[in-house]
Each structure stands twice: as structure tokens, then as C-alpha cells.
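Each remark here refers to the structure printed beneath this line.
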Amino acid sequence: MSGTRIAARGFSQPTPTTSLSTADLERAAKPNLFNTLAELPALQGSTGRTTSTNSTSSGIQGLSSLSLRGLGTIRTLTLLDGQRVVGANVTGVTDVSQFPQLLVKRVDVVTGGASASYGSDAIGGAVNFITDKKFKGFKFNVEGGQTKYHDDEHGTLQAAWGKSFMDDRLHVTLSGEFMKENGIDSPGFGEVGPNGRTWFQNSAYQIRPLAQTTDGRPQYTVIHHAQQYQYAKYGLITNGPLQGTAFGEGGAPYRFQYGSGGVPTGTGAVTNCVNPFCIGGDLSGSVGAGTNLAMDLKRKVAYTRVSWDLDADNEIYFTANWAQVKSHFSPNPGAAKNANLTIQCDNPFVPASIQAACAANNITSFQYGTANANFPANINVHPTRTQRRFVVGADGKVPLFGKEWSYDAYVTRGENTTTINVHDITLNARYNAAIDAVRLPNGSIACRNPVAAASGCIPVNIIGNNPISPGAWAYIAPLNGPRQHTTQSQDVASLNMNGEAFEGWAGPVLMAFGAEYRREKYQVRGDPYGAGVDDLSPSSARYPADPILNSTVGNNWYAGNYHNGDGSYSVREAYLELNMPLLKSDRWGEINLNLADRPMKYSTAGSVNTWKAGATWQTPVDGLRLRAVTSKDVRAPNLSELFAAPVVINNVVQYQGDTISVQQRTVGNTNLRPEVARNSSFGIILSQPSWAPGFSASVDYFDIKVTDVISALTAQQEVDLCVAGNQEICGALVLNSPGNNSVTLQNFNLASLETKGVDVEAAYRTSLAKLNLPGRFTVRGLATRTLNFITNTGVVGTIPAEGAGVNLGGTPKWKLLAQQTWENDKMSFTLSERWFSDGVYNNEFIECQTNCPTSTIIHPTIFDNKMKGATYVDFGGSYNFTKQLQAYFKIDNLADRDPEPAPQANASFAINPTLYDVVGRTYRIGLRGTY
């Protein structure tokens, strides 16, 4: 029972827990257990290989991490056999892909606070993967498949072996796994979905300036076929008398076709368009669909457990796990420049007709934007995570207080190294130097900047579709691109004991107690062009010194954060848990009180205490049980929040009616305190009453309040608050210095969260023999109704935001999973339905078409605020050739249901992969055996 440390037969814990058995996991027939768990209604906001595909250096690309209640992966504790696992990145979250999945015999999803049992991070709950520790024999699984669109081909090979030796005292288990998912490649530029997918429409928000919303029309409109008019596929003049001149093959100029019937004004604006979008027109340069829809992902896992029985009740054991997860994807095609380039008219690459037009209009330069579609390759990112984890422990039974007690003691050492290599990405300074060309007296073309020219600069022609020479490409996008190497380690020593303390008036008082020490540490090193040149990232033959690059702060690459950082913290904790029978009566039933307390002391965040108080009542009504629990749970600041290397990415924000490019910087804060949550739930359980054999159901109400939430505002929120007069926020912004604009984000304990809802679970299993039909029939359903998900940023000038039902996020009002299975000894068939309800883009929007109130930062107006939910139907089955050998198949998203548009303020794929299936109908077949 993962929701408690007390292990005793017949004990009913008050904390709600959903369990998935081996049969449940096999019926789902997913290549990764993460995908099976992410479909559970209580799991909301989990991240996998279809999320973060637009990031170059976040460290979470391809990371399969679970999130309960939409509270985020950092507030969900993921365990392996009840033990912590070293984080897969500096936020401390684990990667389910690194677990030995074939040996998992059960997964417990604890949907209540579990900090009193396991410590920090279990605010939303805990997910515990429980392995078969005494597996004997041989088992395997072979699986393969692809989508309807003949992409994302994937295959899985898994095998495990276990055997006992030396009179059954020595037990050895080995397992190995290999999985490859080929992903869905970028289709490149234009309004086109990958490999025949037709749902991509370049959806986006068209946002009018706030000051113009006094006319009764809405500020926001969701548009399709959005055209970003600040650049074209091969270049566009975006301001001045030549605005609207685009360039094609060989640099030939032509009149750009603006959407919305737009006409350039010569001032950077376009009539009938709202910055930065027109609708329709020439969409060939669109970059929104250029992100990989799903990453290419490869996972390899090797695991062993060796145990020695000291006697019939006690063993010592050793486990070792090696896992490597590699992913590969492209975050975007080209490298769009949003009207932020200046081209000199005397640049020899400028066509003669444009040079003449410059002279006629008395200008010497013009503003320019391009998608850089003439680049020979797209940016491609290659994260690799390698885990090494070792556990040495002992478990068994010992006499204590005159009773027999169970114990488990272990020490673990875990390491995760993450290497991110980025290829075919440009250095900003070199790019800027290479595109600014000049003709020399001898007629040759060179870079205008003499320092750049002397250090190897080769001119690049971005005026139209012109091939870039290998030498020029090697100069602006060197072979050795950005590199980030992170090492994270975790050391744990733990002792746990549980048993019967004494006999009470209504039965035995059960107790569990223990102590734990944990140390977390990380170190990240970047390349000198990204991190800056210093002793930790020196210049080298791979990254030679370059006088035009910023050697002090780095940040020379087109995108990403590759800075150096390190930090560590330790925590000491102990816990005590009691289960006290208060009543045992034939007339009134049985009542048990469950109490737990866990003090913790962090080397950074100081002391904090967690506790739990719960009760269960087995009523005299046949099969009816009530449960209630309330707890104080915590999440201590993680290494990333405390000691993060500065995160630097490129972003765009709306400011004074314009879309401007900014450098977004995020830094750590060592003064952070732990987040504190109050988690309460009340449930009613009906378990197989005599009048309904085979039927069980539960309904649980939950209420989670989290204070001192560690969070930062988004860049756009900071800009909006600054415009509204918040001078503290303005101090973190630079917005009137083109080319140097920046937004600094920092974490503070300034926010709060509250979510309320209801979980419903029901199952019925029966033999069909009484209906003179063959086989057995099982139906199971799980649903979560999120009543509220309120976020309060804690910043003056903002209001609490309601996230329940925002389908752009991760918490729909309703999320349901239902399954119906027919089976006999030879075969089985399962029909599954996954559904979540209709929602909105944002609950703070005011929907109106005419006579709209004046829009405000807090309550913007929008033309249409409806975002549909989705229903997915899956179908699978299996056939037993023998008792040991089974073939199976699975079709996910049987109707090939398309995702709903998820608009953003900038050009993007406009999807929400945390809720919607973005891959499409997928076919899988497999063969599994156990001998």
C-alpha cells in the first residue's frame, strides 16, 4: 500500500490509491508505461516526447515525467519500489523511461498528499512502480507499430530472466529493454502538416493594442492561416518606402502578397492586419509547423537484482540499473528574424534594382526580416540521459517490543548525466557579420566588419533563395555547436520499520517509523560560446577564441541556455506513523485512526514539518466504507530553483502595440523557502457487497491548497504589469533598446495554488456463464471532475486565475477513462474510451463580438472563448497460443481524432499535447511470453 508506511494484512489506508496490475498494463499495450499512466484522469499535465519539442536546452526534452492534479511534475513524487530515484534533470523529476518496466508487476497512484510517508515533492501525490523482486523463469515482449500516416515507426524488445541457486537462497534477476520510436519529422516551411496530416491551420491569437479596445470590438481573436508579416521565406523589406518587397530565387525582387488584403504603410505596419499577423496571403515562409510533432526517442535499460537469504525471513540484496534515453528533434526550421535586421543598400548582394530604388528614395539601408529558409539544415537537438543507480539493502523480520516487526534498510547511489548537443545552429554575431557584406576595390565581396573579416568571416547572401557555401555555413553554424553537460547525483540512506506496537481496546495498534538522509548535487557545464570563456569553459580547438563573440557572458548562439552552474543540498528526516483501532463492533462497524508526522531539516531551506491525520470507518452496511484524511505536505526548492545556471532564451512579447524580440533570462534564488500544502480528502467506498458481487466503486472529494509556491511570472505578464505601472517589475525589463531588449525572470515564494475536485472510480467483473455466454466481462471507469484550479501569482495588480476547464492548460473540468473487456482462457478484447470535456482558452477572457467592454490586462475581451474537448476510442485484443505465449494488437485513436487548435501569441504548431492526441491513429502488434 503505497499511501502508507504501514504494511499489515487487512489494513485499509485512508489515502486514496488507484492500482494498475500487470494485466491492466498489458491490456494498454503501450511501448512505454508512461503513456499508460498519463491517460489516468488524476494524471494531468504529464510531459513526454510530444512536449517541449520547441526547446533547445530546457533539459526536459524527451523526459517522461508524471504530474498529478495538474500541479506539475515537480509536485509529484515518482518512486521505484518505494525508493526515490535520482532526478533526470535539475528540477529533480524522474524519467519513467529509465525504469526496468518489464519487471513492474503493479503501479500504485497515490492521489493524496504523501509527504508524511515519503518526504518532499509528494504534494499532488506519489506514483510507485513495484517490481517483481523474486521473479523466476524467462519472459519477453516484442512489439512494433506505426501511425496511419506511415510515420513514428516504433519497436520494443524486452526480456527478463530470474533463477534461484544454492538451495533457493541466492536469487538473481536480470532484465534488458530496448525501445525505438522514430518520431514525426518537421515538414519544414509553410502551412502544411507532416505526412498528410491536414489539421494544421497556422492558428494564432490576433491581439489588438489595449488602447484601441474602446470601440466595442474584442481585443483577442483566434485566427487561422496566420501570416507573420515581419518576414518572408527568403526575405522581406519590412519598413520604409520599399516595405513589401520580397525576394525569391536568386534574389529576384517581387511584391509580397499580404493576407487580409493588407497594404504596407511604409512605417512597418500593414493595413487590415493586426501586428504581427495578417490572415492568408503568402504562407510559404510560415515556421509554425516546423517543430517535430513527436521526438525520435531511443531507450535502453539494463537491470539486475541479486539477493541472498540469510534465513527464511531475512535477506540482503543489491540492485543495479543502467539506463540511457536518447532523443532527437528539430525545434524549428531556419532561424526566423522578425524584422530585426538592417541591410545596407550598398551591400553587393542587394539587387541593382533595389539599390536604384534606395537612391531614388534617398535611403541608405532598410529593415529586413527572413525565415532563413535558404539554410542548408534545420536546427537539430540531441539530448542524451544516462542513469547509473545502485542500491544495497536488507529486509526481513526482527523481534521488537515482544512482537515480530518488518524492516527495510538500504543505501542508494544514483547518477544521471545529461548531454545536450545542438547542431546546425548559428552564432548571432557571426551571422550578423556575414550578412553585412561590402565589395572591395578588387571586385571581391567581403564582410564589412574588418575584425570579423580578419578572423575568418565569409559573406552570406540572405537576399532571396541563394545557396550558402559549405565554408560560409561552417563559419556561421560551426560543426561544434552548443553543448551542455549536466551531472546530477543522489545519495540516500534509509531505515524503515513497521509492526504491531501493542494491543489496544479495539485491536492491535500498528506503527511504522524510520529515518532518512539524502544529498542532492548537480553540476552543469556549457561550451565557451554559450557560457562565456572562463576556467570552467575555456576556449579550445573545438571552440577557438573569436574576437567578435561575447566571451564574458556568452549567449552567442541563436537560442538556448548553455551556462555553467552547480549546487547541492542535504536533508535529514524521520517519521512516525500510527494506526489505532478506535472501534470494533458488530453493530457500528470498525473505525481506525491513522496518524503520521515527519520532521525534515534542509541544509538550504531550514526545518519544516509534515503530518497526516486520517480515519477509516468500515460501516455495518454491507461493503460500505468511509475514509477521510488531511495532511500538511511540502515541496522543498530544488537544485534548479536554488542554483540554476542562468537560462537565456529568445522570446517575443507584445509591447506598446508591437511584437518585439527579447532575451529572456532566468536566474536562481538561494533564499527560497519550501512550498507548504494542506491536502484534504473525503471518500465513500463500496467494495463488492453481497447484493452486488463483483462490483466496487469509490467517490473521493479532494481539496489541495498550496502556499509559498515557488514561481516566476511569464515574460508577457511582466511586460503587461510594467505597462500598468508596477515599477518593481519594470526594474527587470529593458524594452526600448532594439537588439538588447531583455526580460529577467526569477523565482520567489510569492504565489499560491488551490485545486478542488472529485475522483470517481468503479469496476464490475462477472462471468457470462449465467447468460449462457462464454467468457468473463469486466468494465472499469475512472473520472476526475476538477471543480477549481486557482492560481494566485501574489503580484499586486493581478487577480487569482481559474485554470479548471482551460483546455490550453492541463486541467479540463472532466477527464475520463473507461474500459470494457471480454476475455476467456484463449483470447480477450478491450474497448477503451478516453474523454475530456469542452473548455475555454482562458477563464479570464470576456467573450463578446460587439458592444464589448474596454479590454483590460486582467480581463481581456475575445471574440470566441470556446475550445472543444475530445473523445478517443482505442481497441485492442490478445490471443493465447499456449498458456505461456500470447500475441496481441492495439489500435489507439481509432477514429484518428484531430487535435483542437491551441493558439499562441506567436507562430507555433498551435497544439496542446498534454491533453490532445497529436500523433493520430496508431497501430501496434506484439508477442509476449512467460516461461
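At least one donor-acceptor pair under 3.5 Å links the side chain of Lys815 to the backbone N or O of Leu43. Asn332 contributes no side-chain N or O that, together with a main-chain N or O of Gly290, makes up a donor-acceptor pair within less than 3.5 Å. Of the possible polar contacts, one joining the Gln227 side chain to the Asp282 backbone as a donor-acceptor pair under 3.5 Å is found. In terms of modelled atom types and a separation under 3.5 Å, the side chain of Asn195 and the main chain of Arg197 share no donor-acceptor contact. No donor-acceptor distance shorter than 3.5 angstrom exists from the side chain of Thr50 to the backbone of Ala294, with no hydrogens or angles considered. Thr265 places a side-chain N or O within 3.5 Å of a backbone atom of Thr267 that can act as its donor or acceptor partner. Checking side-chain atoms of Thr76 against main-chain N and O of Gly124 turns up no donor-acceptor pair under 3.5 Å. Between the side chain of His224 and the main chain of Ser203, no donor-acceptor pair closer than 3.5 Å is present. Within the 3.5 Å criterion, the main-chain N or O of Trp814 finds a donor-acceptor partner in the side chain of Ser837. For the pair Asn912 (side chain) and Gly809 (backbone), a donor-acceptor distance under 3.5 Å is present.
In this structure the side chain of Asn35 never reaches within 4.5 angstrom of the side chain of Ser64, judged on heavy atoms. Contact check for Tyr258 versus Leu236: side-chain heavy atoms found under the 4.5 Å cut-off. Put simply, the side chain of Val919 reaches to within 4.5 Å of the side chain of Ile184, judged on heavy atoms. Counting heavy atoms from C-beta on, the side chains of Asn292 and Asp185 come closer than 4.5 Å. Pro16 is not listed as a side-chain neighbour of Ser698, based on a closest heavy-atom distance of 4.5 Å or more. Between Val719 and Gln654, the closest side-chain pair of non-hydrogen atoms is not below 4.5 Å. Within the 4.5 Å cutoff, no side-chain heavy atoms of Leu753 are placed close to those of Glu675. Using a 4.5 Å heavy-atom cutoff, the side chains of Val270 and Cys278 are in contact.
Taking each heavy atom of Pro209 and Gly657 in turn, the nearest pair found is CG-CA, 4.0 Å. Closest approach of Asp700 to Gly683, counting heavy atoms only: OD1-CA, 3.0 Å. Residue Ala715 comes nearest to Gln664 through the heavy atom pair CB-OE1, 3.3 Å, listed as atom of the first residue, atom of the second, then distance. The minimum heavy-atom distance between Ile911 and Ala902, with the atom names listed, is C-CB, 3.5 Å. Minimum interatomic distance between Cys722 and Leu733 (heavy atoms only, all atoms of both residues): CB-CD1, 3.4 Å. Scanning both residues, Leu915 and Asn807, for their nearest heavy atoms gives CD1-O, 3.6 Å.
Of the N and O atoms on the side chains of Asn788 and Glu802, at least one donor lies less than 3.5 Å from an acceptor on the other residue. In summary, the side chains of Ser65 and Thr47 do present a donor paired with an acceptor at a separation below 3.5 Å, with no hydrogens or angles considered.
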Q: Apply side-chain contact (heavy atoms from CB on, under 4.5 Å) to the pair Asn842 and Leu808, showing each step before the final yes or no.
A: CA-CA 8 Å; Asn842 191 317; Leu808 276 178; over 6 Å; no
Q. Are Asp708 and Arg635 close enough, and set up right, to give a salt bridge (charged side-chain N to carboxylate O under 4.0 Å, His left out), and what steps lead you there?
A. CA-CA 10 Å; Asp708 285 336; Arg635 184 185 77 83; over 6 Å; no
Q. Hey, mind stepping through Thr659 and Asn906 against side-chain contact (heavy atoms from CB on, under 4.5 Å) and telling me if it holds?
A. CA-CA 9 Å; Thr659 298; Asn906 54 1; over 6 Å; no
Q.
What verdict does the side-chain contact (heavy atoms from CB on, under 4.5 Å) test give for Leu68 and Arg75, after you've listed the backbone C-alpha separation in whole Å, the side-chain angles of each residue and the deciding distance to 0.1 Å?
A. CA-CA 8 Å; Leu68 280 162; Arg75 298 182 185 90; over 6 Å; no
Q: Check the pair Thr291 / Phe329 against side-chain contact (heavy atoms from CB on, under 4.5 Å), numbers first and verdict last.
A: CA-CA 8 Å; Thr291 303; Phe329 64 97; 5.8 Å; no
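A 6.0 Å sphere centred on NZ of Lys813 holds no more than 12 heavy atoms belonging to other residues, nucleotides or ligands. Crowding of Phe682 atom CZ: a count of heavy atoms from other residues, nucleotides or ligands under 6.0 Å exceeding 12.
One distance of note links OG of Ser640 with CD1 of Ile60; it measures 10.5 Å at 0.5 Å rounding. Atoms NZ and CG, from Lys866 and Asp838 in turn, are 10.0 Å apart once rounded to the nearest 0.5 Å. Atom CD1 of residue Ile379 and atom CG of residue Asn54 lie 11.5 Å apart, to the nearest 0.5 angstrom. Leu735 contributes atom CG, which lies 5.0 Å from atom CD1 of Ile660 (distance to the nearest 0.5 angstrom). Note that CG of Leu293 and CE of Met295 are 11.0 Å apart. Values are rounded to the nearest 0.5 Å. Considering CD of Glu847 and CG of Asp864, their distance stands at 5.0 Å, rounded to 0.5 Å.
Each of Thr213, Thr221, Asp215 was scored for a side chain to side chain donor-acceptor pair (under 3.5 Å) with Arg208, with one residue passing: Asp215. The only option from Arg921, Arg897, Arg834 that meets the salt bridge (Lys or Arg N to Asp or Glu O under 4.0 Å) definition with Asp874 turns out to be Arg834. When the options Asn893, Asp896, Asp892 are evaluated for a side chain to side chain contact (heavy atoms under 4.5 Å, CB included) with Tyr872, the one that passes is Asn893. Exactly one of Asp703, Thr707, Thr630 qualifies for a side chain to side chain donor-acceptor pair (under 3.5 Å) with Arg678. That residue is Thr630. Tested against Arg780 for a side chain to side chain donor-acceptor pair (under 3.5 Å), the candidates Gln820, Gln819, Glu761 yield a single pass: Glu761.
A perpendicular orientation is assigned to the rings of Tyr220 and Tyr205, their planes being inclined by more than 60° (bins at 30° and 60°).
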